[in-house]
Amino acid sequence: MEASVVVFYILSAFILVTGALAVTSRKIFRSAIWLLFCLTGIAGLYFWLDMQFIAAVQIVVYVGGIVVLIIFSIFLTQQSGKELPPPIRSSAVFSALAVCAGFLLTCILLGQYGRFRVPEPRYDYGGPDMSVSAIGTQLLSTTEHGYVLPFEVVSILLLAAMIGCIVLAIKPKSDEK
Amino acid sequence: MPNTAYIILIPLLPFIGFVILGLFGRKYIRSFAGAIATGLLLVSTALSLWVAYWYFFVGGMVNGAYRPVTALKLEWLSFSHDLSIDMSIILDPISVMMIVVVSLVSLMVHLFSLSYMKGEERFATYYAFLGLFTFSMLGLVVSGNIFEIYIFWELVGCSSYLLIGYYYDRPTAVAAAKKAFIVTRFADLGFLVGILILSFQAHTLDFNILISRLLSAVMNPSDAGLASFWGVSLISWGLILVFIGGAGKSALFPLHIWLPDAMEGPTPVSALIHAATMVVAGVYLVARLYLLYALIDPAVTQIILYAGAISALLAAIIACTQTDIKRVLAYSTMSQIGYMMFALGTYHPGEDPALGYTASLFHLFTHAFFKALLFLCAGVIIHNIHSNEMKDMGGLRKSLPLTHACFLIACLAIAGIPPFAGFFSKEEILLAAWNSNKLVYGIGLFTSGLTAFYMFRLYFSVFWHKPATGHRHRQPLVESLPLVILALGAVFAGFIPFSRFVTASGFPDKPSGIGTNAIAPVLIAAVGIGIAAWLYAKASDRPAKAAASLRGLYTFAYHKFYIDELYLFITKKIIFNCIGRPAAWIDRNIVDGFINGVAITTGRISTAIKGVQSGRVQDYAWFFFIGIAGLAVLFIYIVT
Amino acid sequence: MIPLHYILFVSTGLFFIGMFGLFTRRNMITMLMSVELILNSVNINFVAFNKYLYPEKLAGVFFSLFIIAIAAAEAAVAIAIIINLYRNIRSIDVEAADELKF
């Protein structure tokens, strides 16, 4: 039993448990915090997979941005200490059944098709260049494997989202009069 | 051969009168509507007299016999090359005689109505209807095609409905018009089925071709196989059904119930329709198809014979008890039609020439004159007394002298007293009956006695009975002229040698001798007149005592043998309850219920389905997931 | 070394946990959190495939990068909508926002 295997099991258990708690917690603030832990666990998984850049981006954007945003919106829209109403019994049962069914189906599929060969472990760090500069260069290159077009499109999308959010959430002027 | 255009004008002129007066009469032409209609009809009558003169004396005789002449033939609806509905006009001894009769009587009625209907609000409409009727009747008698005669038959029924219901604000008149139309329409169903059967058997609708083909089919049965139904051949069924149609229009028992009620119409209308023209349409139809009726099946001939005889007797008995002057005349008409019909049924095989044919049509000819005269005189009387009941009349011979004379002439004619017209025609009928069936001869003899009795009962009750009163009533010329003309006809029409012109085979025949067989009817008629005079000439209680002594029969006859009640019972209790009600129930509950059920089910399904659109995002997410899962399963497991 | 399909089990589990939360939760913000879980499970998938099957390429990384960026934008817009809706119907319960009902 290697250490990395044990670490993997701990990380996956952490992710799944905190995820389940995030969707079932009664209090909304607790639910946001469980989500935060879950996302951090996923970042840990990325670290375990040796993808440092994605892990960093995960922490910076998801945990530091989105969860904070969610927490701010909780403050803006309701009392954060209040208990959430329980879910509708029938829909909870149906959803649980559907989810289990879907999970079973996917596991069956994975069992049929998902057995891939395990790659050789590499300890020499002579592997593919995964440094930030390599990622950045490829992100902005215009050659065959370049991603400059999606990069530009996503930037425009972020601009549009920003303007849209401001317009949507702005307080209408007539309220003050 | 007279120009076709002149012949088609004969029915067309009254039709033009109908159109003009119907469209413009009410508002624009009211006062001289009568003059227009009468003028048109005068031209039509002159033309028909001229056609008659031409046919009988100039051009109609071919090889010694009067043959049918097709004056006009217009192919209208052609189903196959030999089965087509044509509009054709044929000239034939009976059709020429009929156009003379119809146009002459119609002219008299038009003249009479100029003063009778004066002051009516709907004066022009009346003349328009009269024009429509005259057109239909003239078209009926010159039809050369059995479907064409059906078309005009229905038109005659329609215009008689309009005329009977002329006083539409009277509920009795409306009911009478409906009754006439419904009864005749019901009989016409038989007529239509009969037409279909006969034309199917003969593969043609033209009268002459139909008659010749059916006769040859019966004479040579080895040719086409003759179908039979319930043991009676199909052609016989066709003939019986056609006869039923004729019986409805001619008010034979048991389809006679409409005729007495039809007296609700204006009296000149009764003179035209119910005396001289429409009711003889059935007789005319049987005469038109006479060769078929006489030669094909003796059973059919017997049916005609007995139907006519029973009608004649029944009507005569009922007429003896009626108190309304027009009802008496209506039953008298029914009785005389019965005579005409049974005369047509007196043919027995081997008889040549057919005496009954000539006798029947001769009686039709003379009857038109004296019956129309009777009705017009009744109109004058009713106009003066303002009532139809005999008990309100009496002693009118001083105040209405011309009417009195004409009425007397007509009564003598109908009773069969020589030398008036009715004597000659009735003699021929009784002679034909004597030659064929003694029982029917006996019925005819007894009925002629009854005829004399009730007609003179009427005459004495109106003109005698009470002391003669009143001042002389002034009659306008247009009222007295038709009476005089018709009276001249009633006197002299009997002297026409009818059998020289109209016979079943076309060959002229010498007039049958009036010999010893003429004594018995005249004697019986004289006895009838005597009894009537004894009972009614002076006011007394003898009639009441006579009625009391025949109590049961009298009541039965007074209530017209309860035939109307029987019909009412059958329609209300049986047809309405057993057929009408269930049919209405089925229509309401099953047919409507099915359609409503479909609608309600659709509504329920839609109410059930509309829950899909709940407005909740999570439900939509649900459906999304189910769809994706379904597609995934489909593509993974089933497709590949 | 962990076989690939172990990681895929984890991401699948996370996906269905998120889906359960999406169907069950009545609060709009908690629904948004469940959606984030789903997006993250997809990210894990991409990264794992990239690492195990195509170790010399970076396509999975870039995909995940873009997904993260777009998820951020979408979360922001969703929050803006929720705030707007809150101003109108004074509640963030999805059952209260059912005006598109029949």
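Source: prediction; values computed, not measured.
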Part of [X] within contact of chain C (heavy atom distance under 4.5 Å):
X: A/Ser31; value: both
X: A/Cys107; value: both
X: A/Phe72; value: neither
X: A/Val99; value: both
X: A/Leu76; value: both
X: A/Tyr46; value: side chain

Could you look at [X] and say if it's the side chain, the backbone, both or neither that has a heavy atom under 4.5 Å from chain A?
X: C/Phe15; answer: neither
X: C/Phe9; answer: both
X: C/Glu95; answer: side chain
X: C/Phe20; answer: both
X: C/Ile79; answer: side chain
X: C/Leu14; answer: both
X: C/Ala71; answer: both
X: C/Ile92; answer: side chain
X: C/Ile7; answer: both

>> Does A/Phe94 form a side chain to side chain contact (heavy atoms under 4.5 Å, CB included) with C/Phe23? I'd like the steps, not just the answer.
In response: CA-CA 9 Å; A/Phe94 276 132; C/Phe23 287 157; over 6 Å; no
> Can you check whether A/Leu168's main-chain N or O pairs, donor with acceptor, with C/Asn84's side chain at less than 3.5 Å?
Replying inline: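 Indeed, once roles are kept as given, a pair shorter than 3.5 Å links the two residues.
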How many angstroms lie between atom [atom1] of [X] and atom [atom2] of [Y], to the nearest 0.5 angstrom?
X: C/Lys51; Y: A/Asp50; atom1: NZ; atom2: CG; result: 4.5 Å
X: C/Ser11; Y: A/Leu110; atom1: OG; atom2: CG; result: 8.0 Å
X: C/Ile83; Y: A/Lys171; atom1: CD1; atom2: NZ; result: 10.5 Å
X: A/Ile66; Y: C/Glu36; atom1: CD1; atom2: CD; result: 4.5 Å
X: C/Ile2; Y: A/Glu2; atom1: CD1; atom2: CD; result: 8.5 Å
X: A/Thr77; Y: C/Arg90; atom1: OG1; atom2: CZ; result: 10.5 Å

Would you say that more than 12 heavy atoms from the other residues, nucleotides or ligands in this model lie under 6.0 Å from the [atom1] of [X], or not?
X: A/Phe8; atom1: CZ; result: yes
X: A/Phe47; atom1: CZ; result: yes
X: A/Arg30; atom1: CZ; result: no

> Any chance the side chains of A/Gln58 and C/Asn40 put a donor and an acceptor closer than 3.5 Å?
Replying inline: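 C/Asn40 and A/Gln58 do have a side-chain donor-acceptor pair below 3.5 Å.
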> Which is it for C/Ile17 and A/Leu16 under the side chain to side chain contact (heavy atoms under 4.5 Å, CB included) test, yes or no, and what are the steps along the way?
Replying inline: CA-CA 8 Å; C/Ile17 288 173; A/Leu16 291 173; 3.9 Å; yes
For chain C, which of [options] has the most heavy-atom pairs under 4.5 Å?
options: A/Ala96, A/Ala13, A/Gly65; answer: A/Ala96
options: A/Val167, A/Leu157, A/Ile166; answer: A/Leu157
options: A/Cys100, A/Ala32, A/Gly164; answer: A/Ala32
options: A/Leu39, A/Leu49, A/Ile170, A/Leu11; answer: A/Leu49
options: A/Leu139, A/Ile15, A/Leu45; answer: A/Leu139
options: A/Ser95, A/Gly19, A/Ala169, A/Ala160; answer: A/Ser95

Can you check whether [X] reaches [Y] side chain to side chain, under 4.5 Å on heavy atoms?
X: A/Tyr62; Y: C/Leu39; result: yes
X: C/Arg25; Y: A/Thr24; result: no
X: C/Thr30; Y: A/Ile28; result: yes

>> For C/Ala72 versus A/Val61, what's the shortest heavy-atom pair and its separation?
In response: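 The answer is CB-CG1, 4.0 Å.
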> Step by step, would you call C/Phe62 with A/Ile135 a side chain to side chain contact (heavy atoms under 4.5 Å, CB included)?
Replying inline: CA-CA 8 Å; C/Phe62 283 119; A/Ile135 288 177; 3.8 Å; yes
>> Does C/Phe66 form a side chain to side chain contact (heavy atoms under 4.5 Å, CB included) with A/Tyr147? I'd like the steps, not just the answer.
In response: CA-CA 10 Å; C/Phe66 288 130; A/Tyr147 286 87; 4.1 Å; yes
